[in-house]
Peer 1: 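Shown below is the structure under consideration.
Below, all heavy atoms of this structure are taken into account, side chains as well, without hydrogens, waters or symmetry copies. When a ligand or atom number is given, it counts from 1 through the structure's own listing order.
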Amino acid sequence: MKKIITIVGARPQFIKAATLSRQFQLIGIDEKIIHTGQHFDANMSDVFFEEMEIPKPAYQLDIHGVSHGAMTGRMLEGIEKILMTEQPDGVLVYGDTNSTLAGALAAAKLHIPVIHVEAGLRSFNMKMPEEINRILTDRISNVLFCPTDTAVNNLKREGFENMPVQIIKNGDVMQDAAIYYAAKAEQKSNILNRISFPEFVLATIHRQENTDSPENLHNIITGLNEINRQIPVVIPLHPRTRNILAQLNIVPEFKLIEPVGYFDMIMLLKSCKLVITDSGGVQKEAFFFGKHCITLREQTEWVELVENGFNILTGSDSVKLKTAFEVFDTKQSDFSIDLYGKGLAAEKAAKEILSL
Ligand code: UDP
């Protein structure tokens, strides 16, 4: 039986990994999960394993709360040790976190094939830690699963076509998750009993370029406060953002709640009027659930959302944020266009992995 080691560590990776783990069980691939510990709180980690029925990690590295370099270095050492014992047929990494890079690097140095899901995405902003992680991970991957044509073209432009690697467009596994778990969310989530607004805007903020710049964060909160005077804003707040707001003594006027599980998040996405976020994943989930999205960043990796009029980029500019809000307040869009593969991405990737 083919043996795969999967590396996860951060919230979006649990959601992505859930989709492939299910397929591995269906087609008979032996998967062991290493959890690096990057996200460790019950509501940033455990809840996803429980709700999404992700197999319990075989290894927990418990690495968090240190600088990027220290974190990546410690993960590299921990993962390498496990890979030397386990000798898997491949190492599967997701997205663009420090866990992604550490997993890919540990495997590549041991000549174990690296499989990267969500390959080829680029923001072209080298100040983002995620951009560094993705470029380096792609370069040492053997199988590059791309969610979009844009991602495939980015790799081609960087010369990957001339390298001995496989580039496969499989679609976006996050759409698989949104489709598969939406029905369960309807049954299991009671978040809407706790959010008593008939109409609301759903927001998330956690990206380093916003949280680590007091000016950007201040501008975003000012913009959201203004919108909140027209329609309530609800924000499941990332622990990093919560800590920084406290340090800066910023008290938002809108409704802050603790980070929610995926089922609750789906229900919030389904019920909101509009999404405002700096998250990568949430931009697409807005689209999956038929909502417009304002993105609090200067660039996005998901350019097709902007090109098709579903998403407006405002950066942290509170005036642009307000203008974008007014555009979407009245706009109607048809969200039926297939941009991300309609929920078959994990199945396709698992079949390819089986035949490697
Ligand atoms: N998410 C969640 N609960 C929350 C906030 C986000 O389940 O309180 C989910 C969200 O639906 C998406 C994923 O977490 O699937 C996105 O993670 P995040 O925004 O942390 O990372 P990014 O996508 O920017 O890498």
Peer 1: Counting from 1, what ligand 1 atoms have a heavy atom of V282 closer than 4.0 Å?
Peer 2: 10 (C)
Peer 1: Which heavy atom of the protein is the closest neighbour of atom 6 (C) of ligand 1, given with residue, atom name and distance?
Peer 2: R11 CZ, 3.4 Å
Peer 1: Of the side chain and backbone of I15, name the one, both, or neither that has a heavy atom under 4.0 Å from an atom of ligand 1.
Peer 2: side chain
Peer 1: Under the 4.5 Å side-chain heavy-atom rule for ILVMFWY, direct or indirect, which residues accompany I5?
Peer 2: I7, I34, Y59, L61, I63, V66, M71, M75, I79, I82, L83, M84, V91, V93, L110, I112, V114
Peer 1: Testing the 3.5 Å rule here: is there a donor-acceptor pair between the side chains of T277 and Q283?
Peer 2: no
Peer 1: Under 4.0 Å from any heavy atom of M174, which atoms of ligand 1 are there?
Peer 2: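 Taking each heavy atom of M174 in turn, ligand 1 has 12 (C), 15 (O) under 4.0 Å.
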Peer 1: Please report which non-hydrogen protein atom sits nearest to atom 21 (O) of ligand 1, along with the residue it belongs to and the distance in Å to one decimal place.
Peer 2: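 Looking only at protein heavy atoms, the one closest to atom 21 (O) of ligand 1 is P12 CG, 3.4 Å.
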Peer 1: Which of the numbered atoms in ligand 1 are below 4.0 angstrom from a heavy atom of Y262?
Peer 2: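 Counting atoms of ligand 1 from 1, those under 4.0 Å from Y262 are 7 (O), 15 (O).
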Peer 1: Give me the nearest non-hydrogen protein atom to atom 16 (C) of ligand 1 as residue plus atom name, then the distance to 0.1 Å.
Peer 2: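 For this ligand atom, the closest protein heavy atom is S279 OG, 3.8 Å.
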Peer 1: Could you list which atoms of ligand 1 come closer than 4.0 Å to a heavy atom of V260?
Peer 2: 2 (C), 3 (N), 4 (C), 7 (O), 8 (O)
Peer 1: For G95 and H116, work out which heavy atoms get closest and say how close.
Peer 2: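 Smallest heavy-atom distance, with atoms named: O-NE2, 2.8 Å.
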Peer 1: Between S99 and H35, do the side chains contain an N or O donor and an N or O acceptor separated by less than 3.5 Å?
Peer 2: no
Peer 1: With a cut-off of 4.0 Å, which atoms of ligand 1 are near a heavy atom of P259?
Peer 2: 8 (O)
Peer 1: Which of the listed options, R297, E301, E285, holds the heavy atom that is closest to atom 12 (C) of ligand 1?
Peer 2: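 Heavy atom nearest to atom 12 (C) of ligand 1 belongs to E285.
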Peer 1: Check ligand 1 against G281 and write out every atom of the ligand that is under 4.0 Å from a heavy-atom position of the residue.
Peer 2: 22 (P), 23 (O)
Peer 1: Fit a plane to each ring of H238 and H39, take the angle between them on a 0 to 90° scale, and name the class: parallel (under 30°), tilted (30 to 60°) or perpendicular (over 60°).
Peer 2: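 Plane angle over 60°, so perpendicular.
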Peer 1: Can you spot which of T100, T97, T72, N98 makes a side chain to side chain donor-acceptor pair (under 3.5 Å) with N133?
Peer 2: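 When T100, T97, T72, N98 are each tested with N133, the side chain to side chain donor-acceptor pair (under 3.5 Å) holds only for N98.
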Peer 1: Within a distance under 4.0 Å of any heavy atom of G280, pick out the atoms of ligand 1 and give their elements.
Peer 2: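 Within the 4.0 Å cut-off of G280, ligand 1 contributes 22 (P), 23 (O), 24 (O).
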Peer 1: Is it true that S123 and N125 share a donor-acceptor pair across their side chains at a distance under 3.5 Å?
Peer 2: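 No, S123 and N125 have no side-chain donor paired with an acceptor closer than 3.5 Å.
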Peer 1: Quick one: list whatever passes salt bridge (Lys or Arg N to Asp or Glu O under 4.0 Å) with E326, sequence neighbours left out.
Peer 2: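 Salt bridge (Lys or Arg N to Asp or Glu O under 4.0 Å) list for E326, sorted by chain: K322.
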Peer 1: If we ignore hydrogens and angles and just use 3.5 Å, is the side chain of N43 paired with the main-chain N or O of V260 as donor and acceptor?
Peer 2: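 No, because the side chain of N43 does not come within donor-acceptor range (under 3.5 Å) of the backbone of V260.
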Peer 1: Just which atoms of ligand 1 are under 4.0 Å from any heavy atom in R207?
Peer 2: 22 (P), 24 (O), 25 (O)
